[in-house]
Amino acid sequence: MSDDIFKKIISHAKEYGFIFPSSEIYDGLSAVYDYGQYGSELKNNIRKYWWKSMVQMHSNIVGIDAAIFMHPTTWKASGHVDAFNDPLIDNKDSKKRYRADVLIEDYAEKQFEKAEKEIEKAKKRFGDTFDEALFRSTNPRVLEYRQKGEDATAKMAALLDANDLDGLKKHIEDLEIVCPISGSRNWTDVRQFNLMFDTKIGSVSEGAETIYLRPETAQGIFVNFMNVYKTGRMKIPFGIAQTGKAFRNEIVARQFIFRMREFEQMEMQFFVRPGDEMKWYESWREERMKWHLAMGIPAEKYRWHKHEKLAHYANAAADIEFDFPFGFKELEGIHSRTDFDLTAHQTHSGKKLQYFDPETNESYVPYVVETSIGLDRTFLAVFSHAFEEQTLEDGSVRTVLKIPPFLAPIKVAVLPLVKKDGIPEVANKILDDLREDYMVQYDEKDAIGRRYRRQDAIGTPFCITIDYETLENNTVTIRHRDSMEQRRIPAAELSAYIASELKPKKT
RNA sequence: GCGGAAGUAGCUCAUUUGGUAGAGCGAAAGCCUUCCAAGCUUUAGGUGGCGGGUUCGAGCCCCGUCUUCCGCUCCA
């Protein structure tokens with residue numbers, strides 16, 4: 001059902017110039033897409049809406065545009081080099097994939113549990129006279145289990161450090177670890193999945209250094225913290241915002257533009273005094289949800305998802321999920337990142353990344369509350385929610401994109417009712433007047449009803465029609481996309497009227 | 001990456017057992033029209049994903065490959 005709608009949405013996106021598969025004439029490139037003539041407009045408008053809300057509307061937030069290439073140490077400090085390098089292994093019978101290190105850790109955990117069980121059993125047997133500490137340190141069974149577990153993880157750590165994947169596989173086989181699903185020991189080789197893209201910097205290939213395409217934009221903000229703080233006369237609390245491309249070599253990339261290898265993030269890192277972070281975390285959660293709702297999309301399409309298991313850098317995290325055609329999925333994350341990143345960069349760079357607080361007369365590494373939203377995902381949220389096939393009273397079907405007017409790629413279509421009697425000339429005059437302020441389109445081909453439908457299909461909120469009455473009193477009709485209703489207004493008032501209709505909703 | 005399904009015009013699809021491709025919508029040019037798709041004329045657009053094999057002959061059968069879609073571990 002919704003699968004069907006999703007397919008229609010993808011087709012529509014292509015057919016009307018919103019999104020094309022990348023390099024399609026060469027059969028495309030998996031999980032990479034291009035934005036077409038209307039798609040890039042919509043995407044730009046969403047980005048502008050975000051930038052205005054975050055930067056222009058906050059006197060204590062500034063924007064930057066950091067490079068995609070960054071010094072390789074950045075990613076050691078951020079934890080991405082380690083966290084994004086997973087050794088994976090498949091069980092050939094169950095077809096399940098596991099992280100090799102997790103399998104071994106689970107095995108070790110099992111050994112520890114066995115040791116605890118021995119202790120429990122002994123407790124029951126000896127009753128009150130039981131000396132747990134003595135038993136724990138002397139019982140051969142307990143010691144053996146604990147030793148097994150510790151050996152397993154110690155050896156694993158050594159193998160991981162040496163990047164010895166064959167050794168890791170042998171280790172799993174030696175420990176006789178079985179797949180929890182199939183129960184078999186029929187394992188594939190261990191393979192390393194590096195989720196960061198790398199490339200070489202330097203024109204000569206020897207001596208060239210491996211660098212990564214950033215997997216998140218946030219680090220470009222952290223490494224510029226001192227620059228912005230010093231040159232921008234910033235006082236805590238303050239934020240730094242940035243939009244830009246990020247790259248992840250996802251193992252599976254799916255669901256149209258929802259998960260792409262190359263995607264665009266809109267992030268804001270908000271620097272606060274340590275201890276204040278929960279207050280700001282709550283406040284930004286509220287503010288970000290308002291931003292979504294101000295697009296006029298109903299609240300029931302959104303929900304919160306609180307993280308139980310936190311990433312290595314966070315002490316609180318929640319996601320805004322959106323009801324996509326394939327279900328509720330993450331759209332934006334609001335994370336309290338503590339001082340993890342700045343402290344890590346301070347350690348790795350040897351440079352002080354601290355804020356001097358004149359009120360308390362002391363320096364500290366600020367805490368960070370991050371808002372991080374996927375631009376492509378927001379695009380998909382807006383687009384998929386806007387897509388509608390309406391059955392009208394006469395039984396005809398109207399395909400319409402109910403994109404929030406202020407985000408629509410084309411704001412106004414100017415349509416002469418007929419192609420004669422000087423009407424196109426008047427229409428072109430009006431078109432030129434509006435072009436200065438709005439993305440406009442002119443169409444004189446085919447019956448008027450068909451032209452309306454064409455504009456509906458690309459989400460144009462307003463169609464202006466010039467008719468014979470225009471020639472008499474210089475008034476035109478303006479048709480609203482969603483209601484299909486028209487009103488007649490003087491041509492001179494058009495620009496002001498449209499401007500007032502294009503404001504985002506206040507919440 | 002593994003398993004399953006599928007790749008024919010911009011989109012949705014047809015071509016019944018192999019005989020060298022069609023429709024609807026869409027697009028373009030024009031005609032007709034004073035306000036909500038489907039009026040008329042004309043036109044463009046496909047090396048049937050790509051490569052190989054079987055055959056007198058392959059969109060259809062076989063193999064390989066690429067891509068997409070649906071499930072699994074990662075994530076914005």
Side-chain angles (χ1 to χ4, degrees), chain A residues 3 6-8 10-17 20-31 36 83-86 88-100 102 181 188-189 191 193 195 215-218 246-261 263-267 311 319-322 326 329-333 335 370-378 380 392-399 415-421 423 445-457 463 465-471 477 479 481 484-486 488:
Chain A
D3 207 53
F6 191 38
K7 275 187 183 151
K8 279 185 181 168
I10 296 169
S11 296
H12 193 85
K14 183 183 174 194
E15 187 170 2
Y16 289 93
F20 308 122
S22 160
S23 8
E24 199 188 7
I25 61 167
Y26 295 109
D27 283 332
L29 188 60
S30 185
F84 274 40
N85 262 303
D86 295 338
L88 298 178
I89 190 166
D90 294 334
N91 183 270
K92 289 179 187 165
D93 298 312
S94 66
K95 308 290 180 199
K96 286 283 175 185
R97 166 165 298 166
Y98 302 93
R99 276 176 52 179
V102 170
I181 306 286
T188 63
D189 288 341
R191 280 164 308 200
F193 281 83
L195 299 190
E216 65 173 17
T217 53
F247 304 83
R248 284 185 202 175
N249 208 353
E250 305 283 354
I251 301 167
V252 281
R254 261 330 136 61
Q255 276 153 336
F256 197 38
I257 59 168
F258 182 78
R259 182 173 307 164
M260 295 194 287
R261 297 217 154 91
F263 60 102
E264 188 157 347
Q265 294 183 307
M266 305 188 287
E267 295 197 308
D319 297 333
I320 295 174
E321 296 187 333
F322 184 80
F326 41 84
K329 296 278 180 181
E330 181 176 356
L331 179 61
E332 170 159 12
H335 297 175
E370 162 189 273
T371 73
S372 173
I373 177 171
L375 174 51
D376 311 275
R377 287 185 177 184
T378 309
L380 185 58
L392 304 179
E393 278 177 12
D394 61 356
S396 67
V397 173
R398 177 172 89 120
T399 303
L415 317 171
L417 188 59
V418 293
K419 218 186 336 178
K420 59 182 182 186
D421 301 332
I423 289 182
K445 169 86 182 153
D446 295 322
I448 188 73
R450 189 195 288 249
R451 283 180 271 167
Y452 286 146
R453 298 304 165 89
R454 266 203 284 264
Q455 295 301 327
D456 289 340
C463 289
T465 304
I466 287 77
D467 56 18
Y468 287 101
E469 200 179 326
T470 311
L471 301 182
T477 62
R479 170 206 187 249
R481 176 195 65 200
M484 297 195 287
E485 279 166 9
Q486 294 178 290
R488 181 168 283 277

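Convention: sequence-line order gives letters A, B, ...; per-chain numbering from 1. Because only heavy atoms are used, hydrogens play no part in the values below, and waters and symmetry mates are left out as well, while side chains stay in.
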Inset, instruction - Evaluate the criterion side chain to side chain contact (heavy atoms under 4.5 Å, CB included) for residue pair A:Leu380 and A:Phe256; output intermediate values, then yes/no. - result: CA-CA 9 Å; A:Leu380 185 58; A:Phe256 197 38; 3.9 Å; yes
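Shown here, B:rA37 forms no base pair; nothing in the strands shown gives a Watson-Crick or G-U wobble contact with both key distances under 3.5 Å. Look at B:rG3: its Watson-Crick or wobble partner, with both distances under 3.5 angstrom, is B:rC70. Pairing for B:rU65 is with B:rG49, a Watson-Crick or G-U wobble pair whose two hydrogen-bonding atom distances lie under 3.5 Å. Using N1 to N3 plus N6-O4 or O6-N4 for Watson-Crick, or N1-O2 and O6-N3 for G-U wobble, each under 3.5 Å, B:rC13 pairs with B:rG22. The base-pairing partner of B:rU54, taking Watson-Crick or G-U wobble contacts with both distances under 3.5 Å, does not exist among the strands shown. Across all strands shown, B:rA44 forms no Watson-Crick or G-U wobble pair with both distances under 3.5 Å.
Note: NZ (A:Lys8) to C1' (B:rC11) measures 12 Å, nearest angstrom. Remark: P of B:rG49 and CD of A:Glu24 are 14 Å apart, rounded to the nearest angstrom. If you measure from atom CZ of A:Phe256 to atom P of B:rU67, you get 18 Å, rounded to the nearest angstrom. Between A:Arg454 atom CZ and B:rA27 atom C1' there is a gap of 9 Å when expressed in whole angstrom units. Across the protein-nucleic acid pair, A:Leu331 atom CG and B:rC75 atom P stand 17 Å apart, rounded to whole Å.
Taking atom C1' in both B:rC60 and B:rC2, the straight-line distance is 29 Å, to the nearest Å.
In this structure, of B:rG10, B:rA76, B:rC70, it is B:rC70 that holds the atom nearest to the side chain of A:Phe6.
Judged by distance alone, with hydrogens and angles left aside, A:Lys445 brings a side-chain donor or acceptor within reach of the base of B:rA29, the pair sitting under 3.5 Å. Judged by distance alone, with hydrogens and angles left aside, A:Arg259 brings a side-chain donor or acceptor within reach of the base of B:rC75, the pair sitting under 3.5 Å.
Note on A:Glu15: a base of the nucleic acid sits closer than 4.0 angstrom, heavy atoms only.
Between A:Phe258 and A:Phe326, the ring centre distance stays below 6.0 Å.
Pairing each heavy atom of A:Asp467 with each of A:Leu417, the nearest pair is CB-CD2, 3.7 Å.
Using a distance-only test at 3.5 Å, with no hydrogens or angles considered, a donor-acceptor pair links the side chain of A:Arg377 to the main chain of A:Glu330.
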Inset, instruction - Assign a letter to each nucleotide of nucleotides 32-38 of chain B from its 5' end: B, base within under 4.0 Å of a protein heavy atom; S, sugar-phosphate only; -, no contact. - result: -BBBBBS
